[in-house]
4 protein chains.
Amino acid sequence: MGIHSAFQPPSTSLRALVSMADSEKQRGSTEKRERILEGALRAFAKKGFYNTRVSEIASEAGVADGTIYLYFKNKDDLLISLFEDRMEWIIARLQTELDAVEGGVIERIKAFVHLHFRLAVEDRDLAEFITVELRQSSKFVKEYKNPKFADYLKILHSLIDQGQNEGIFRTDLDSRLVGRALFGALDEVLLQFTLSRSAPTDVRDEAEQISTMIIDGLIVREPPTLD
Amino acid sequence: MGIHSAFQPPSTSLRALVSMADSEKQRGSTEKRERILEGALRAFAKKGFYNTRVSEIASEAGVADGTIYLYFKNKDDLLISLFEDRMEWIIARLQTELDAVEGGVIERIKAFVHLHFRLAVEDRDLAEFITVELRQSSKFVKEYKNPKFADYLKILHSLIDQGQNEGIFRTDLDSRLVGRALFGALDEVLLQFTLSRSAPTDVRDEAEQISTMIIDGLIVREPPTLD
Amino acid sequence: MGIHSAFQPPSTSLRALVSMADSEKQRGSTEKRERILEGALRAFAKKGFYNTRVSEIASEAGVADGTIYLYFKNKDDLLISLFEDRMEWIIARLQTELDAVEGGVIERIKAFVHLHFRLAVEDRDLAEFITVELRQSSKFVKEYKNPKFADYLKILHSLIDQGQNEGIFRTDLDSRLVGRALFGALDEVLLQFTLSRSAPTDVRDEAEQISTMIIDGLIVREPPTLD
Amino acid sequence: MGIHSAFQPPSTSLRALVSMADSEKQRGSTEKRERILEGALRAFAKKGFYNTRVSEIASEAGVADGTIYLYFKNKDDLLISLFEDRMEWIIARLQTELDAVEGGVIERIKAFVHLHFRLAVEDRDLAEFITVELRQSSKFVKEYKNPKFADYLKILHSLIDQGQNEGIFRTDLDSRLVGRALFGALDEVLLQFTLSRSAPTDVRDEAEQISTMIIDGLIVREPPTLD
DNA sequence: CATGAATGAGCCTTCATTCAT
DNA sequence: TATGAATGAAGGCTCATTCAT
């Protein structure tokens, strides 16, 4: 509950807008689903998917074991739902914040990186879950195609694209590759931060350094004294 | 067996040097240990640590289930041993190749990136295992401190350091942060490559792009025509 | 609903006669009870007692899960009630039809057999339920004494008895044993018919054959031309 | 152990002939499989398939729970295997005894009936299992085609056939129908006997009565002095 | 009376690990 | 050393039953 003061639980923030007019039952139902997702998030972040017992999630969520199966098909489905739910919310928030940025592509990429870091600081569990568990289960990396994550990457990718089209960024680099590399850089740094549970103070600085470095590697330069 | 023609099994290459003088039994023993590690690598890469049965590893290795416990304390130990063994070999190879590089820091960083990609192409299973499983088990990311991985990062980190000391790289960036970011970028791109099982032809090009981008983001520039 | 056009749902036919004067509520209540019994009959016939979920019965009956527990103590009670209810109705019908038979014991036994088969044709689900589930649950064969079934057998048994007393049937056979054997023969043949879902056309013929065979085995014969 | 003094456990009697030359391990393995089957037989007879816990079978058999899954795919497979194993043995014994009968069809049918009853007396659990559980699970009556039981019926059926061909039995009755009816009669009587746990003394008499009755219903009679 | 969401006891099955051979 | 049959603890999931509405 208090955990998500800044980082509002997706369902209750996003879905509440839609289901505001729903009946009491619907609201209670949605709320319980969200409680389970939150319990799962905490548990997965703490012990990892495979080391988390369904009963642990249930007790974290304050529901009976069987209740989980009223909202999710099985443990795998819970994992995937959690991921999709959180990613949806992250993407929505990202989109909103990016739209609000005044300035060009460079400012928006910086904003992207800062938000990425800020989200991790706001909700450590979510950060840990996404950085660590995202790659984890075979479901995720093999069978499950992970469309939400692709959406996330697409945002980055189109920012690079835009910079290239505007002539700000060099065009000898593949924008998708750069997007991926940037994401990887962010993710790895956050993983380190998440696992070490280091002070959140210097995170802002790290975000600045990384975005600076990447952007400086991307921008077109005057041919360095050709003669 | 044939899989590792180019990418020699670490233990038999590295350790064989040490145990050359050992008795036949010892050698057979070492060879069996390596067979188990190879079986585990194949199995972990294919299905992930938690979805791999010890009996599957045994049958991949052509030994009985119980035999595994003669060489490894338990399944976790097998995972860690596998990781350490492979990382040791990778680091040794990396060191060797970097030492052979003619040129300065920039060339060596490029060499580092290229080797990183080359290793992934040479042994897909190893690449998949390291990119995916490295983060996976709680053992790895929490309890287990993962010294070999730290060693690996240290190489990168000192290359950056060196560049900064030599005045080639800008000094406003933390070298450890840059090292981590670079590793993350490589890792993420390789993950994509590994999972998509895409053609290995363009990997060289991707390596070139990434190293170029990063390096260009790092090198000191003439104050861009201040006047 | 349409299923029981010929084979009227016992409760609504039998009990309705008794409860005709009951209040609307009572009638609705009785009707809901019967709907549940019908749902249970269909479900049990289709999947067996142990493979039928209470919720399946509820949805077959068009009521909520909890409603079932307003009419029956538990799932076992539902099974027993269903059995008693149906047997009561069968016995009543049997009694009526036997009373209407003109002719002696032999004709009445033939009538018994034919009705037995006819009932199975009229309501396959009931036939399947009784032939298969009757033996099934431990409740039935062990704890539960199954008085209705005993009543059913008693009818057969007294017919044999009567034939023996009238000097038509040989008296060296135990009438209860013969009754049971006859029932077993009918039951087994019907089981086969029920499970194979064969055409109902030849059932009449099978009934004739069996009753003929049994009766011929029972009737007193003239000492076969001893001289 | 003592239970099967007369009624030898099928596997150890039948299969022992084949596996006599097998290694110790094979024998131990086969013996453990049989122990599990015996445990299952006892448990199923006592509580029915669905009310028997796998762990109960295991403790009846004196093995660990998991051991059962080394010999059987799952609980269903155990049920089917038990049935097939026992039926195979019964059929073999039946065949042997019938072959030894001196006399014609009538004597062999009588022998069939007597053996049927004798087997039930020799092993009550087996009798209860077969009479009660045979119809029970959906697997048995629906999906599972039950070939062994068909074999059993076929023996009876061909005896009737033979009698008809030899002109001893009337030919206006379908031999398969008669076979089924006879089996049903036996089965029902045995069910009663099995469940009531009545004294085994009068069983022989009951067998005699039933076979007499059926046979008398089958044999050709002189046209009963029509004039 | 009716509902159906919630409960939680219980069971089948898996699988890492052991140990007699 | 090597084996692999045996173990049994543990967990995901089901489903009969309850109860607040």
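Every heavy atom of this structure was used, including side-chain atoms; hydrogens, water molecules and symmetry mates were not. A note on names: the letters A, B, ... follow the listed sequences, proteins ahead of strands, and every chain is numbered from 1.
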*Among F/dT3, E/dA2, F/dT7, find the nucleotide with the atom closest to the side chain of B/A64.*
F/dT3
*asked:* Without decimals, in angstroms, what is the distance between D/D65 CG and E/dG10 P?
replied: 16 Å
*asked:* Using whole Å, what does the distance between atom C1' of nucleotide E/dA2 and atom CZ of C/F72 come to?
replied: 15 Å
*Under 4.5 Å between any side-chain heavy atoms of C/F49 and D/Y50, yes or no?*
no
_Rounded to whole Å, please give me the gap between CG in D/N74 and P in E/dC15._
15 Å
_Within residues 48-59 of chain B or reaching into it, pairs that qualify as salt bridge (charged side-chain N to carboxylate O under 4.0 Å, His left out) - sequence neighbours excluded_ = B/K47-B/E56
*Give the rounded distance in Å between these two atoms: CZ of C/R35 and C1' of E/dC1.*
13 Å
*Dot-bracket, DNA chain E: Watson-Crick or G-U, under 3.5 angstrom, [ ] crossing, | other strand?*
.||||||||||||||||||||
_Please confirm whether the shortest side-chain N or O distance from C/Y71 to OP1 or OP2 of E/dA2 is below 4.0 Å._
yes
*Check: C/L134 and C/N146 side chains under 4.5 Å, non-hydrogen atoms*: yes
*Evaluate the side chain to side chain contact (heavy atoms under 4.5 Å, CB included) criterion for residues A/L37 and A/E34: first the C-alpha distance (whole Å), next the side-chain angles of each, then the deciding distance (0.1 Å), finally the verdict.*
CA-CA 5 Å; A/L37 286 176; A/E34 175 55 26; 3.9 Å; yes
*Whole-Å distance between E/dT14 C1' and D/K75 NZ?*
17 Å
_Between D/K32 and F/dA5, is there a contact of a side-chain N or O with OP1 or OP2 at under 4.0 Å?_
no
*Would you call B/R86-B/E133 a salt bridge at under 4.0 Å N-O?*
no
*asked:* Holding to side-chain contact (heavy atoms from CB on, under 4.5 Å), I want the full list of residues that pass it with D/A40, two or more places apart in sequence or in another chain.
replied: D/F44, D/I57, D/L78, D/L82
_Can you list, in residue-number order, the parts of residues 52-60 of chain C that come under 4.0 Å of DNA chain F, counting heavy atoms only?_
C/T52, C/R53, C/V54
*D/Y50 OH to F/dC15 C1', straight-line distance once rounded to whole Å*: 15 Å
*Can you name the residues that form a salt bridge (charged side-chain N to carboxylate O under 4.0 Å, His left out) with D/E60, not counting sequence neighbours?*
D/R42, D/K46
*Starting from the 5' end of DNA chain E, give me the residue, B/Y69 or D/G66, whose nearest nucleotide shows up first.*
D/G66
*Using whole Å, report how far CG of D/D76 lies from C1' of E/dC11.*
14 Å
*Starting from P on E/dG4, measure out to CD1 on C/I68 and report it in whole angstrom.*
12 Å
*Taking only residues two or more places apart in sequence or in another chain, which ones pass side-chain contact (heavy atoms from CB on, under 4.5 Å) with D/V54?*
D/I68, D/Y69, D/K75
*For A/S81, enumerate each residue passing the side chain to side chain donor-acceptor pair (under 3.5 Å) test, keeping only those at least two apart in sequence or located in another chain.*
A/D77
*Would you kindly compare D/G62 and C/K73 by the position of their nearest DNA chain F nucleotide and give the one closer to the 5′ end?*
D/G62
